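Just so we're clear, the structure is a prediction, and the values are computed from it rather than from any experiment. Protein chains get the first letters and strands the later ones, always in sequence-line order, with residue 1 at the start of each.
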Protein chains: 4
Amino acid sequence: MSSENQTIDKIADPKRSFIEEARRAQIIDCAIDVIAEQGFAQASLSQIAKRAGISAGVISYHFAGKDDLIREVAAHVFTKGAAFIGPRVNGQPAAPDALRAFIVASVDYVAARPAYTRAIMNIIRAGRGETGQPRYDAALEAPRRDGFQQILRWGQDTGEFRAFDVAIMARTIIEAVDAVPPQLAVQPDLDMAAYGQELATLFDLATRAAPPQPSAE
Amino acid sequence: MSSENQTIDKIADPKRSFIEEARRAQIIDCAIDVIAEQGFAQASLSQIAKRAGISAGVISYHFAGKDDLIREVAAHVFTKGAAFIGPRVNGQPAAPDALRAFIVASVDYVAARPAYTRAIMNIIRAGRGETGQPRYDAALEAPRRDGFQQILRWGQDTGEFRAFDVAIMARTIIEAVDAVPPQLAVQPDLDMAAYGQELATLFDLATRAAPPQPSAE
Amino acid sequence: MSSENQTIDKIADPKRSFIEEARRAQIIDCAIDVIAEQGFAQASLSQIAKRAGISAGVISYHFAGKDDLIREVAAHVFTKGAAFIGPRVNGQPAAPDALRAFIVASVDYVAARPAYTRAIMNIIRAGRGETGQPRYDAALEAPRRDGFQQILRWGQDTGEFRAFDVAIMARTIIEAVDAVPPQLAVQPDLDMAAYGQELATLFDLATRAAPPQPSAE
Amino acid sequence: MSSENQTIDKIADPKRSFIEEARRAQIIDCAIDVIAEQGFAQASLSQIAKRAGISAGVISYHFAGKDDLIREVAAHVFTKGAAFIGPRVNGQPAAPDALRAFIVASVDYVAARPAYTRAIMNIIRAGRGETGQPRYDAALEAPRRDGFQQILRWGQDTGEFRAFDVAIMARTIIEAVDAVPPQLAVQPDLDMAAYGQELATLFDLATRAAPPQPSAE
DNA sequence: TATGAATGAGTATTCATTCAT
DNA sequence: CATGAATGAATACTCATTCAT
């Protein structure tokens, strides 16, 4: 409840002091803004520090390194996304409803937090770091992917969805949703509600089992 | 014919010597490999030169600058892609066939040239450069997007496709196709033929007009 | 008072810390030495840093760029020169006295600060940078030129000076003074006091109005 | 006579073929233009070669190095200058006439060959090269300096000139003349004839012995 | 804790010069 | 003789990181 309002509650290390957490939260927020606005490549620690009004060394003090900061940013955004989308999906009566709710909520999240979604897209698409490892914890993406896959299997089990490849379908849906933030950046007056409905309908048709033939007989 | 198989024939400037063209082609090839394997941000001129076994200055000698090199890489990949995909789409009798052919051919191109498609994805998704301009000629992307959109409108005109938003549908298809290269990199044994068919079926269902109700009688 | 003797007080930005100012002053001093000894073209940031015993990046840290450093060097030298020469010119009773004082003080300044004057000559004569703009603030040169021109016009108004072209005369005087630093570099035992008097006499004769003819008869 | 028309006759090495000499002359001419127009620092071998319509390697082939080329350029310009000025000075009846003729001819040379004089000024003022040696043969400057000094001593011997320091006076005159090319570049409509007369008068007054006092008595 | 000065490796690019063709 | 491809060192500048204060 009240923890909902704290910035980085879920991932906070209990050993960290209040002031330490505040600084980390501030830095993460500023990093999100800079990455969203200027792109990942231009988001140097200096830029982020300048935005936060602090010295660049402070970031190195509070985070193990730039990679660590980026991972925290990704974790923050994914966590917030799950908190936004989850409640709107849970409790749906049937798989098709859940799928539509998931897609619409995902697009709504882009509208609600454009900087968050822009930032995470920029991070993901910047690819792997110098060490060859991804810049974010792959496990963070899992909940969303697994969420879509669960809904898809649910619908297949009930016969409402046809027999598609669940992994490919889930991936395609995610990509469709993730394409929205950069479009919104280019075209800020984009009708997000319509976009969400369009995608929901698109994937509803793509997943639905054929209606039982009225048959001939 | 045989010239069709040469690497950079179509875009070759006739004023350039054979040896110059060979070097340029080699550098472009190495740049593609490095960008595909290590990502755009890590693809410094030094890295590309090292891969080619040449001095970094050679690249500056043959290209006006890094931007120029990247543009040439993008042009090369897009041109090759168009040459690969175009013939398999043209001549299809109806819009749904053309759409399926386009999607399958696009996925096949990923299988045929995984480094090319990985590289171009990395370039596109690296976003805009320091000057704010895209790193490649935006006109290069247009044919593919326009191609999809033309097919989609064609099908809507004939009544085979339902009344969806063409821009959103085209964008979603392109994103679905563009998601393939990074997946292939992670999972090299991916069954690309099956992937192509799966996507084709997905978007066939998503685009098709409802069959005329057998109605009452 | 005592602050008069500090190196860069007048142009110091109050926001800069003591240590920052010290570093900047040290770098400016080293830049002056290197430019004076090795010439402008050879005065790379690396050379200057080596002379200062610091890493080259430190200069980029303290100055916005090489241009900025050069401008600061020029400002420093011109400011110091004005402080040296100005008091010896002001308060002279008549134009010929002021002109002599100005010339002698200018040459004395060369003797007092040979590196300063060599450096500024090298900067001025290195001409314009790649962008076509002068490497220093043109306004810095103006006081000296205007000072000479004012004295010359003053003397013409009082009839003590003949009717020469003020611009050409001022320019010639300045060139004569500016020729001294390189000569001193080549010939370190040059008698500067004599040089100053010689130039002063030269331009006194060149500027003086003809004495009223005793006429009569 | 005919040798007047050849470009680099006086300094030509007899072992060089005609075609070799022609190439050298062409390169020297282009180097003069580039140095005059773009400044010494911007005058790379590539720029000079481009102006000449040849490959940069050709210059390295015909000259021992860039320093050698610059020395040849300086020699060419000084030689041409001597040929222009010398005849107008020789044969003057008295030292004051010779001095005036020398100054006027020097300024006329600037007007006649602005590129030559701009180039040589840029070379001289670019200072010393990487090796610490001057970029031109100091002996080349000697004739002009010696010429002025001879005239000055001549006038002192005849009593027409006062007892000034010959070296300083010669140096000052030379600097006054050398200040003209950059001014002309900035202000192309400069009245060169007037400028020459102004300087001639200036130094006439500066050098003249006081007229014998009509005495009292 | 925070600062900001400093480092050293890294970036793209330019340039004089060499050399096989 | 001329070319143009290649080199390797040098250029200014950026950046993540460290550390004394």
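- Checked against side-chain contact (heavy atoms from CB on, under 4.5 Å), A:Ala49 has the following partners two or more places apart in sequence or in another chain: A:Ile54, A:Ala56, A:Ile59.
- Here the side chains of C:Val77 and C:Leu140 are not in contact, with every heavy-atom distance at 4.5 Å or above.
- Annotation: salt bridge (charged side-chain N to carboxylate O under 4.0 Å, His left out) contacts of B:Glu20 (sequence neighbours excluded): none.
- Within the cation-pi definition used here (under 6.0 Å to the ring centroid, within 45° of the axis), A:Arg125 does not qualify as a partner of A:Phe40.
- Between C:Ile70 atom CD1 and F:dC13 atom P there is a gap of 10 Å when expressed in whole angstrom units.
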- Secondary structure of DNA chain E in dot-bracket form (Watson-Crick or G-U wobble, distances below 3.5 Å, | marking inter-strand pairs): .||||||||||||||||||||

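- Following rounding to the nearest Å, A:Leu69 (CG) and F:dC15 (P) show an atom-to-atom distance of 15 Å.
- For C:His62, no side-chain nitrogen or oxygen approaches OP1 or OP2 of E:dG4 to under 4.0 Å.
- Nucleic acid contact for B:Ile59: none, since no nucleic acid atom lies under 4.0 Å from a heavy atom of the residue.
- With sequence neighbours excluded, the residues forming a side-chain contact (heavy atoms from CB on, under 4.5 Å) with B:Gln26 are B:Arg23, B:Cys30, B:Ala52, listed by chain and number.
- Atom CZ in B:Phe18 sits about 22 Å away from atom P in F:dT3, given to the nearest Å.
- Side-chain proximity of C:Val58 to the nucleotides F:dT7, F:dA2, E:dT7 is greatest for E:dT7.
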- Could you run down nucleotides 13-21 of chain E 5' to 3' and tag each one B, S or - for protein heavy-atom contact under 4.0 Å? BBSSBB---

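- At the phosphate of F:dG4, neither OP1 nor OP2 sits under 4.0 Å from any side-chain N or O atom of B:Ser17.
- B:Lys50 has its NZ atom 14 Å from the C1' atom of E:dT11, to the nearest Å.
- Side-chain contact between C:Val73 and C:Ile120: absent, with no pair of heavy atoms (C-beta onward) separated by less than 4.5 Å.
- For B:Ser46, the side-chain contact (heavy atoms from CB on, under 4.5 Å) partners two or more places apart in sequence, or in a different chain, are B:Ser44.
- Here the side chain of C:Arg24 pairs a donor or acceptor atom with the backbone of C:His62 at under 3.5 angstrom.
- In this entry the distance linking CZ of C:Phe63 with C1' of E:dG4 reads 16 Å, nearest Å.
- Rounded to an integer number of Å, the gap from CZ of C:Arg24 to P of E:dA5 is 11 Å.
- Put simply, CD1 on A:Ile54 is 14 Å from P on F:dA16, counting in whole angstrom units.
- Nucleotide F:dA5 holds its P atom 5 Å from the CD atom of B:Glu20, rounded to whole Å.
- Taking 4.5 Å as the limit, some side-chain heavy atom of C:Arg71 sits within range of a side-chain heavy atom of C:Asp68.
- In this structure, C:Arg23 does not reach the E:dA5 phosphate: none of its side-chain N or O atoms is under 4.0 Å from OP1 or OP2.
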